[in-house]
Amino acid sequence: MSDASGLPSQLLARWRALPGWLRTAVVACILAGVAGLIYLAGFQTAYREVGPYGLLDKIDRKITQRFASQEIPALEDQAYPTILLTLRSHVAKVDTGSQPDRRGRVFQQGGGLTSLGDDVLLLPYSGRVFAAISADDVRPTHIFAPYRGEDEYLAAANQPDSGMNFHLGYLRINDFKHITRPDGTHMLVASYSEFHGEEQCTTNTVATVVLPDGVTDAMALSIQPEDWTVIFRAQPCLPLKTKHFAMEGQMASGQLEYDGASTLYLTSGDYHFDGMRTEGDPIAQNPDVDYGKVIAIDLQSGESRRLSYGHRNMQGMAIGADGELYISEHGPRGGDELNRIHPDGPYLNYGWPVASLGTAYSATPLPTAAVLGRHDGYEPPVVSWVPSVALSGMTLIHGFHEAWEGDLLIGSLNDRALHRVRLQGDRALYIERIPIGSRIRQVHQHTDGQIVLWTDNQELIFLTAEDLASPAEQIPAYLANLDAPANIKAEFETVMERCIECHALVDGDDSRAPSLARIYDNDIATTGYEGYSDALTGASGRWTHDQLVEFLMDPDGFAPGTYMPITEIEHRRTAEEIATYLAWLDRQF
Ligand code: HEC
């Protein structure tokens, strides 16, 4: 063996002589060190805006997408318990007629909801309006959306060697509204991203069509793309981008709200011209262009005015019970905002992308932000969501249920939940999160009071309110029909009063203890309750009549260590009646 190989082999021999635990520890330290360096490098490139930031951000998004994109199961009719009422849903899966492209992809995100006469109107991505009075009655109408420049956009995307990355689904309808002017004129308004073939650029566009006098039946209307009149095109026309995606209509915002007189409000997003996914200065901070702005359009004169700037992607807008104008806005990672806009006040800066309470998607600081996670010096939000939920459509709740009167209801994409915001004066008193299970795009309240949702899964969901079923009220009714001796009935009643101090008798409310609504004949410890003991999760089998009786007579004997307290049931017959009651309860759901 030569000298050259002598040293390495000596080192190897020494390494081998080390105890196993020490070797593992050394390897672990080296790996941790490398990981730390990689992390630090990523952090520094973002912080100092050096070259690889865009690339790292892209890789991070790709990885996140890969792991986050599981199929979302289709929703079914169900009850959603909330703190003040129960929401009952009726779901229609709408075949909107979107056609797959050459590669079999079907694009159908975005779209808008409004009400006309007795119908809810849905304008989905495909551009054909649907009318519905309930989930069982969804009809295609002969109302079609304005032309968005789809052919020219497709042609631009199919240009070989353009070097640009197109997302075909980004030329979206962003909102749809029926409004009645004070003089009685009815009109439909649509907002969308419009592609202009000649200049190869995109605008955030609003078009209207006036309905024939007195017609409020959507089925009696025929409106073609050419019947619409464009009343607003954001300035300037945005060029195609070479970074990220060529046209980023998912950042268009485009939500509409009407003040009941002559002003139409529009949210106009920054289309990712934010200095990170484009070269140059962030467009939202340029006070003289129409992107990253809330805009007022005067329906009388056709003139428009910018109300506020420094916005990113505002997917919801509503006039609150206090008459103020509210928008919901996406932060990237953390920092989703509910903002109050002042149409009659000064032209205020809401901070994006210089100030945000969150960070970039890659969990690194925003390269454009002055200080990480601060909003100082800019108009603060009413309230912000950290981490992000991806806020979407918003409505003011009026005449749905007295407990919710005047609250704002905001959808979310990522979080697949509704967020109900209680406002008081100029602050948000609290936010209730109500998980729904689908990416919610639009939230609308119909003229009959129902709340209607439109999801990215093409679900049209009608929501009605039910008073919380008071369990204390249910039990006497059940007892009245119970054929049992008086002493058993009396014990049943006192014992059940204790059960419902912890357990809900409505389906899905597992917040304090497992709901007893659907326990019967189901596997043990499988409700949505999060605080199960190991004793109960470890118990196998189903809640049959006999198992329930055993458990109720002696919880700790049945599953030693269970968190369920002793029931103090004296008569076995009472436990049997409770088991029978739980079987009856199960049949109610
Ligand atoms: C002080 C609160 C409390 C009271 C009172 C109470 N429970 Fe429970 N119960 C619990 C908790 C907590 C669990 C979960 C136990 C565990 O994980 O070990 C539970 C579990 C159960 C389960 C099993 C649930 C499942 O998902 O498998 C049943 C059935 C049940 N209770 C019925 C009753 C009945 C009937 C009464 C009245 C006689 C009652 N409980 C009284 C708190 C309570």
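The figures that follow rest on heavy atoms only: side chains count, while hydrogens, waters and symmetry mates do not. Just so you know, ligand 1 is whichever comes first in the structure, and atom 1 is the first atom listed for that ligand.
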Taking atom 34 (C) of ligand 1 as the reference point, the nearest protein heavy atom with its distance: Cys499 SG, 3.5 Å

Between Tyr581, Phe551, Tyr563, flag the one that comes closest to atom 28 (C) of ligand 1 by a heavy atom. Phe551

Return the closest protein heavy atom for atom 23 (C) of ligand 1 as residue, atom name and distance. Trp543 CZ2, 3.5 Å

State the CG-CD distance between Leu413 and Gln315, to the nearest 0.5 angstrom. 5.5 Å

List every atom of ligand 1 that sits less than 4.0 Å from any heavy atom of Thr527, numbering the atoms from 1 in the order shown and giving each element. 26 (O)

Do any of the N/O/S atoms of Met564, backbone or side chain, fall under 2.8 Å from atom 8 (Fe) of ligand 1? yes

When distances are taken from atom 12 (C) of ligand 1, the protein heavy atom at minimum range is Tyr529 OH, 3.6 Å

Proximity flag Ala525 to ligand 1, non-hydrogen atoms under 4.0 Å: yes

For residues Ser115 and His444, is any side-chain donor paired with an opposing acceptor at under 3.5 Å? yes

What atoms of ligand 1 come within less than 4.0 Å of a heavy atom belonging to Val495? 38 (C)

To the nearest 0.5 Å, how far apart are OG1 in Thr464 and CZ in Phe462? 11.0 Å

Part of His503 with heavy atoms under 4.0 Å of ligand 1, whether side chain, backbone, both or neither: side chain

When you measure from atom 15 (C) of ligand 1 to every protein heavy atom, which one gives the shortest distance, and what is it? Thr562 OG1, 3.5 Å

Quick one: which ligand 1 atoms are inside 4.0 Å of a heavy atom on Thr567? 38 (C)

Hey, does Leu548 sit under 4.0 Å from ligand 1 if you only count heavy atoms? yes

So which of Gly528, Ser533, Pro565, Pro514 gets nearest to atom 16 (C) of ligand 1, if we judge by its closest heavy atom? Ser533

Is there a donor in the side chain of Ser388 and an acceptor in the side chain of Asp336, or the other way round, less than 3.5 Å apart? yes

Hey, are His398 and Glu405 close enough side-chain-wise for a donor-acceptor pair under 3.5 Å? yes

Pick one of side chain, backbone, both or neither for how Arg498 approaches ligand 1, counting any non-hydrogen atom pair under 4.0 Å. backbone

Is a donor on one side and an acceptor on the other found under 3.5 Å between the side chain of Thr96 and the backbone of Ser126? no

Of the protein's non-hydrogen atoms, which lies at the shortest distance from atom 3 (C) of ligand 1, and what is that distance? Cys502 SG, 2.7 Å

Using distance alone, with no hydrogens and no angle criterion, decide if Ser89 and Asp77 have a side-chain donor and acceptor under 3.5 Å apart. no

Does the distance from a Lys or Arg side-chain N to an Asp or Glu carboxylate O, for Asp95 and Lys93, drop under 4.0 Å? no

Pairing donors with acceptors under 3.5 angstrom, does anything connect the side chains of His272 and Asn313? no

Are any of the side-chain heavy atoms of Gln547 and Arg542 separated by less than 4.5 Å? no

When you look for heavy atoms under 4.0 Å from ligand 1, do you find them on the side chain of Ile519, its backbone, both, or neither? side chain

Ligand 1 contacted by Glu501 (non-hydrogen, < 4.0 Å): no

Quick check on contacts: which atoms of ligand 1 are under 4.0 angstrom from a heavy atom of Leu516? 28 (C), 29 (C), 30 (C), 32 (C)

Heavy atom of the protein closest to atom 26 (O) of ligand 1 (residue, atom name, distance): Tyr532 OH, 2.4 Å

Hey, would you say the Phe558 and Trp543 ring centroids sit under 6.0 Å apart? yes

Only heavy atoms count here, so choose which of Leu582, Leu552, Asp556, Thr526 is nearest to atom 35 (C) of ligand 1. Leu552

Name of the residue among Leu409, Leu418, Val443, Val91 meeting side chain to side chain contact (heavy atoms under 4.5 Å, CB included) with Leu463: Leu418

